[in-house]
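Numbered from 1 within each chain, the chains take letters A, B, ... in sequence-line order.
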There are 2 protein chains.
Amino acid sequence: MTGLPPEPASSPGPEPTPEAESPDRFAQARSAQSVALIEDYVELIGDLIAEQGEARITDIAQRLGVAHPTVTKAVARLKREGLANSRPYRGVFLTEAGAALAEKVRTRHRTLVSLLVALGVPSDTAELDAEGMEHHVSDVTLAAFEAYLAARD
Amino acid sequence: MTGLPPEPASSPGPEPTPEAESPDRFAQARSAQSVALIEDYVELIGDLIAEQGEARITDIAQRLGVAHPTVTKAVARLKREGLANSRPYRGVFLTEAGAALAEKVRTRHRTLVSLLVALGVPSDTAELDAEGMEHHVSDVTLAAFEAYLAARD
DNA sequence: CGGCGAATGTAGCCATGGCTACATCTTTTG
DNA sequence: CAAAAGATGTAGCCATGGCTACATTCGCCG
Ligand SMILES: [Mn+2]
Ligand SMILES: [Mn+2]
Ligand SMILES: [Mn+2]
Ligand SMILES: [Mn+2]
């Protein structure tokens with residue numbers, strides 16, 4: 001216990017720290033971030049397969065507004081994590097795990113948008129915000145959203 | 001119109017694409033992410049100054065659950081963006097812009113937590129989820145949250 | 001007043017996620 | 001059936017955000 005500053009002698013006394021901010025809270029938000037991209041990719045690949053019968057690198061890149069090598073690297077990661085398959089010059093496909101994740105993500109996305117709209121958020125704004133928020137909505141929170149939506153008349 | 005695959009001839013016809021997913025939507029979520037860290041830093045620095053009279057690199061690192069060089073680099077970025085000042089071996093301070101951002105972020109954080117709790121989310125879960133979600137809540141959505149909170153009995 | 005030890009700074013590594021430029025492959029098409 | 005052109009792959013660059021290891025500086029204390 002040495003250190004530099006000798007308590008700048010400000011107003012706040014040595015109260016037991018009002019909130020205590022556990023580091024884990026931030027750690028969680030940080031790692032969730034790493035998962036966000038994966039979720040968007042998987043959901044989008046699922047969408048493309050449903051809409052067009054397959055998901056091509058170029059289509060994915062276009063939808064995401066990203067250059068194609070970026071997609072190639074991301075798909076490599078999806079494969080590494082067992083969420084997708086692909087062979088050179090062929091499209092990208094989801095594994096069972098990938099498809100399951102896509103479905104979960106899609107559902108959560110829709111529920112969140114519905115909630116926002118129910119709370120009075122314009123639907124275009126709801127879509128926009130949901131795209132980012134969705135990746136941080138835990139199962140518990142999602143359940144609460146569903147309950148609220150179901151309960152309201 | 002050349003390209004590789006000749007329509008794998010699946011079920012879906014050439015419907016006008018149900019949702020059309022504009023790339024901007026993802027781009028927005030992506031850049032919001034880049035802003036998330038900055039917001040958390042600024043908010044935390046503000047908290048530390050309020051609680052302890054100053055924000056030291058070590059304290060920030062401890063609160064965020066991160067190594068101190070990580071904080072040093074982040075603070076350099078905050079300075080670059082005009083949100084903070086600091087001089088070697090002294091603490092970190094917020095500029096006016098930084099303080100304003102901190103205040104805004106803090107308010108939004110509290111509103112979001114209140115909303116989640118109001119919807120039945122347990123407060124610890126609300127705190128956890130809010131830490132990530134907050135950075136994707138637009139002003140419009142925030143206003144809707146406030147209206148909902150104000151309107152309920 | 002001289003050290004010791006904690007706090008800070010600095011260097012340099014890694015992974016992720018973007019990009020551009022260029023090489024290859026596949027399909028279409030002339 | 002041989003290009004031409006579009007789609008993919010690959011190489012290699014940059015910024016961000018983490019880390020460890022090591023060098024400095026500062027503030028207390030003996
Ligand atoms: Mn998303
Ligand atoms: Mn989504
Ligand atoms: Mn946060
Ligand atoms: Mn916060």
Peer 1: Could you check whether A:Ser114 and A:Thr111, counting side-chain N and O atoms only, form a donor-acceptor pair closer than 3.5 Å?
Peer 2: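 Per modelled atom types, A:Thr111 and A:Ser114 side chains form no pair under 3.5 Å.
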Peer 1: Choose from D:dG9, C:dG9, C:dG17 the nucleotide whose nearest atom is closest to any side-chain atom of A:His68.
Peer 2: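 It is D:dG9.
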Peer 1: Give a yes/no on whether any side-chain N or O of B:Arg30 is located under 4.0 angstrom from OP1 or OP2 of C:dG17.
Peer 2: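 For C:dG17, OP1/OP2 do not have a side-chain N/O of B:Arg30 under 4.0 Å.
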Peer 1: Name the residue closer to the 5' end of DNA chain C, choosing between B:Pro88 and A:Arg80 according to the nucleotide with the nearest heavy atom.
Peer 2: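 Upstream on the strand: B:Pro88.
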Peer 1: Whole angstroms only, please: what is the CD-C1' distance between B:Glu81 and D:dG17?
Peer 2: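 Nearest whole value for this atom pair: 14 Å.
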Peer 1: To the nearest Å, how far apart are B:Ile60 CD1 and C:dG9 C1'?
Peer 2: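 One finds 14 Å between C1' of C:dG9 and CD1 of B:Ile60, rounded.
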Peer 1: Using the side-chain heavy atoms of A:Thr58, tell me which of these nucleotides is nearest: C:dC19, D:dT8, D:dT25.
Peer 2: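 Ranking C:dC19, D:dT8, D:dT25 by closest atom to the A:Thr58 side chain puts D:dT8 first.
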Peer 1: Report yes if at least one side-chain N or O of B:Arg56 is closer than 4.0 Å to OP1 or OP2 of C:dT8; otherwise report no.
Peer 2: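 It does, given that an N or O in the side chain of B:Arg56 lies less than 4.0 Å from OP1 or OP2 of C:dT8.
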Peer 1: Decide yes or no, distance alone: a donor-acceptor N/O pair under 3.5 angstrom between the base of D:dT25 and the side-chain of B:Tyr89.
Peer 2: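 No, no donor-acceptor pair under 3.5 Å.
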Peer 1: A:Arg90 side chain N/O closer than 4.0 Å to the phosphate oxygens (OP1, OP2) of D:dG9?
Peer 2: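 No, outside the criterion.
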Peer 1: Once you apply a heavy-atom cut-off of 4.0 Å, does B:Pro69 come out as touching a base, just sugar-phosphate, or nothing?
Peer 2: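 Counting heavy atoms under 4.0 Å across all strands, the contact made by B:Pro69 includes a base.
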Peer 1: Rounded to whole Å, how long is the line connecting atom NZ of A:Lys73 with atom P of C:dG18?
Peer 2: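 My rounded result for the distance is 9 Å.
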Peer 1: Provide, to the nearest angstrom, the distance between the CG atom belonging to A:Asp59 and the P atom belonging to D:dG6.
Peer 2: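 Atom CG in A:Asp59 sits about 15 Å away from atom P in D:dG6.
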Peer 1: For A:Ser31 and A:Ser34, does a side-chain donor sit closer than 3.5 Å to a side-chain acceptor?
Peer 2: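 No donor-acceptor contact under 3.5 Å links the two side chains.
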Peer 1: Between C:dG17 and A:Thr70, is there an OP1 or OP2 to side-chain N/O distance shorter than 4.0 Å?
Peer 2: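 No, outside the criterion.
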Peer 1: Do the charged groups of B:Arg108 and B:Glu39 touch, with an N to O distance under 4.0 Å?
Peer 2: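 So B:Arg108 pairs with B:Glu39 through a salt bridge.
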Peer 1: Both A:Arg77 and B:Ala55 contact DNA chain C. Which one's nearest nucleotide lies toward the 5' end?
Peer 2: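 Nearest nucleotide further toward 5': that of B:Ala55.
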Peer 1: Which pair of non-hydrogen atoms, one from A:Tyr41 and one from A:Val71, has the smallest distance, and what is that distance?
Peer 2: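 The answer is OH-CA, 3.7 Å.
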Peer 1: Select one nucleotide: of D:dT16, C:dT8, D:dG9, the one nearest the side-chain heavy atoms of A:Ile57.
Peer 2: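 Of D:dT16, C:dT8, D:dG9, D:dG9 is nearest to the side chain of A:Ile57.
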Peer 1: Just do the side-chain contact (heavy atoms from CB on, under 4.5 Å) check on B:Arg110 and B:Val105 with the steps written out, would you?
Peer 2: CA-CA 9 Å; B:Arg110 282 198 295 243; B:Val105 168; over 6 Å; no
Peer 1: Would you mind telling me which of C:dG9, C:dC19, D:dC19 lies closest to the side-chain atoms of A:Ala67?
Peer 2: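 Per side-chain heavy atoms of A:Ala67, the pick is C:dC19.
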Peer 1: Is any side-chain nitrogen or oxygen of A:Arg87 closer than 4.0 Å to OP1 or OP2 of C:dC25?
Peer 2: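 No, no such contact exists.
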Peer 1: When the distance from CZ of A:Phe26 to C1' of D:dG18 is rounded to whole Å, what number comes out?
Peer 2: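 Taking CZ of A:Phe26 and C1' of D:dG18, I get 16 Å after rounding.
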Peer 1: A:Glu134 and A:Leu112: which non-hydrogen atoms are nearest, and at how many Å?
Peer 2: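 The pair with the smallest heavy-atom distance is N-CD2, 3.5 Å.
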Peer 1: Take atom CG of B:Leu37 and atom P of D:dG17, then tell me their distance rounded to the nearest Å.
Peer 2: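 Roughly 5 Å, once rounded to whole Å.
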Peer 1: In whole angstroms, how far is the P atom of D:dG17 from the CD atom of B:Glu39?
Peer 2: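 Atom CD in B:Glu39 sits about 13 Å away from atom P in D:dG17.
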Peer 1: B:Leu48 has an atom CG; how far is it from atom P of C:dA7, in whole Å?
Peer 2: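 Whole-Å distance recorded here is 14 Å.
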